[in-house]
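Both ligands and their constituent atoms are indexed starting at 1 by order of listing.
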Amino acid sequence: MINFKHNTIALRILTVFLVSFTVNKKHLCSNHPSITSTNSPHLSLHSSLVEMVFDGHLSFENIEHTAKDFGGRYRFMPSAVLYPKSVSDISSIVKHIFQMGETTELTVAARGHGHSFEGQAQAHGGVVINMESLRVPEMSFHTGKLPYVDVSAGELWINILHESLKHGLAPKSWTDYLHLTVGGTLSVAGISGQAFQHGPQIDNVYQLQVVTGTGEVVTCSEEQNSDLFHAILGGLGQFGIITQARIALEPAPKKVKWIRALYSDFAVFSKDQEHLISSENSFNYIEGFVIINRTGLLNNWRTSFSSKDPVQANQFTSEGRVLFCLEVAKYFNLEDSDHIDKDIDTLLSDLNYVQSTLFLSEVSYVDFLDRVHVSELKLREKGLWEVPHPWLNLLIPRSSIHQFTQEVFGNILTDTSNGPVLIYPVNKSRWKNGTSMVTPEEDVFYLVAFLSSALPSSTGKDGLEYILTQHKRILNFCGRSNLGIKQYLPHYSTREEWKAHFGTFWEVFSQRKSIYDPLAILAPGQRIFHKQRHLDDDDLKSLRSVNRVLEAHR
Ligand code: ZME
């Protein structure tokens, strides 16, 4: 009886070994679009974690949802999901796994609202931490000269917006979509139309609390543990799990003038955009997007935008050609009502858009910031939200942007039916130095974002394979022509690619890894560092006993 039990366990251990070795190999080498793995929980993990006590709880069941993300292409099952109720829950589990040392491949991934594109917040066979369960502290506001709010890292930006507005305040720098967690966007950068002025979201944080890869809880800022602070901001989750953040606030405007205007010449469009991001008294938000070969272009806009010249404007389509749409916004309050239109006329008088294509709209600050959520609800209604999202985000130096747009919008992309293609410049001379974010070398660079949705079963132009092939062509062109681009939110699979991405910063990045997460426990889904498993004496004993069992069965 006892023997039988031992043999079973030995065989289970062997199975776990084999399964994890084979799957890991696949994990590292394959570029296949839909990579799925659903092996059963590691036996050793289960027995070692099941005895731990948490303020929240650890679950081994109903955890499939954490093997999915917004990208919809990577699916790696964890062994367990932690629903933390305290920072100490997070610290305990990381510390526990750290103390197990190199005898286990166990890793830990913090998961926010699940909006990674390519499995970055998944932990194959490891522990996923459901950061949205961590709702401590309650948002606490500090008004005064430099107002800020302390939030839990699992908080959604949309909730922070609503709470801040009750104090007449709001964060300064945003993402386009607000149903994302603070910890998630601060781990990458957080870029939207305010970044030209305020820098990305990582430039607008005063202090963080993090749990490092050794399970230590550390508070960091420019003054305190500044190396960790800089490492964490845009650090792709490699140096610690953000558990709290102190977000810079400003007085919130009540209303927004939201404006769009079309250009048919990229040189004119980009000249105006660059003028706007560098002038002193400009718009508060500056973005832009590309429209290729679309009919009925204006119907989409009519709902919320009104035209000064509707007859002329209605004749405008991008059928058979490429148009560039400037999108800007000016914030204002009721007391500005008498001069806001004049201010905007002044700003617009510098620009050279096609005169008949100016569209103006006036919305509340919340409606402006939460605008992508409106698209989300429409797409959800049509069942088009939970589809694969092969997204490609590029940062392109100003000196290469003309060459880039000519090739990509002239030869590679033939229409923009699969989703928005954003294009706008920022100037990093106004950004903070020393974060982990990787940018091109020039001060002025463009964000170009290809935000496609794929139809799950399509093999045509709206299918996954076609879109991925287009992205490959775009990247090949960038590499071949030496455009000096950097990917934003990349998903590389080899050390060489990551090294090339980080360039001269690689040494600092990997040195910081060895300090803050020496066993490479954190954020394995980024595929930058790989946790090593070295067999210890106990493992060797089990392996020998497995061998004996196998011998006996022969
Ligand atoms: C899937 C989807 C993305 C629907 C709308 N979007 C977006 N639209 C505009 N800007 C965006 C965006 N997603 C990120 N930025």
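Partners of F409 according to the ring pair (Phe, Tyr, Trp, His ring centres under 6.0 Å) rule, which considers only residues two or more places apart in sequence or in another chain, do not exist here.
Taking the six-membered ring where the residue is Trp, Y492 and W498 present perpendicular rings, their angle passing 60° and hence far from 30°.
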Which atom pairs, donor and acceptor, lie under 3.5 Å between side-chain atoms of residues 153-161 and protein residues at least two apart or in another chain?
residue, atom, partner, partner atom, Å
E155, OE2, N159, ND2, 3.3
W157, NE1, T185, OG1, 2.9

Residues 446-455 side chain polar contacts: donor-acceptor under 3.5 Å, at least two apart:
residue, atom, partner, partner atom, Å
Y446, OH, E274, OE2, 2.6
S453, OG, H389, NE2, 3.4

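Taking the six-membered ring where the residue is Trp, the centroids of H402 and F404 are separated by 6.0 Å or more.
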Note down each nitrogen or oxygen pair, ligand 1 side and protein side, whose separation is under 3.5 Å; give only atom names and the distance to 0.1 Å.
residue, atom, partner, partner atom, Å
ligand 1, 10 (N), D176, OD2, 3.3
ligand 1, 15 (N), D176, OD2, 2.9

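For the residue pair S400 / Q403, no side-chain donor-acceptor distance below 3.5 Å is found, with atom types taken as modelled.
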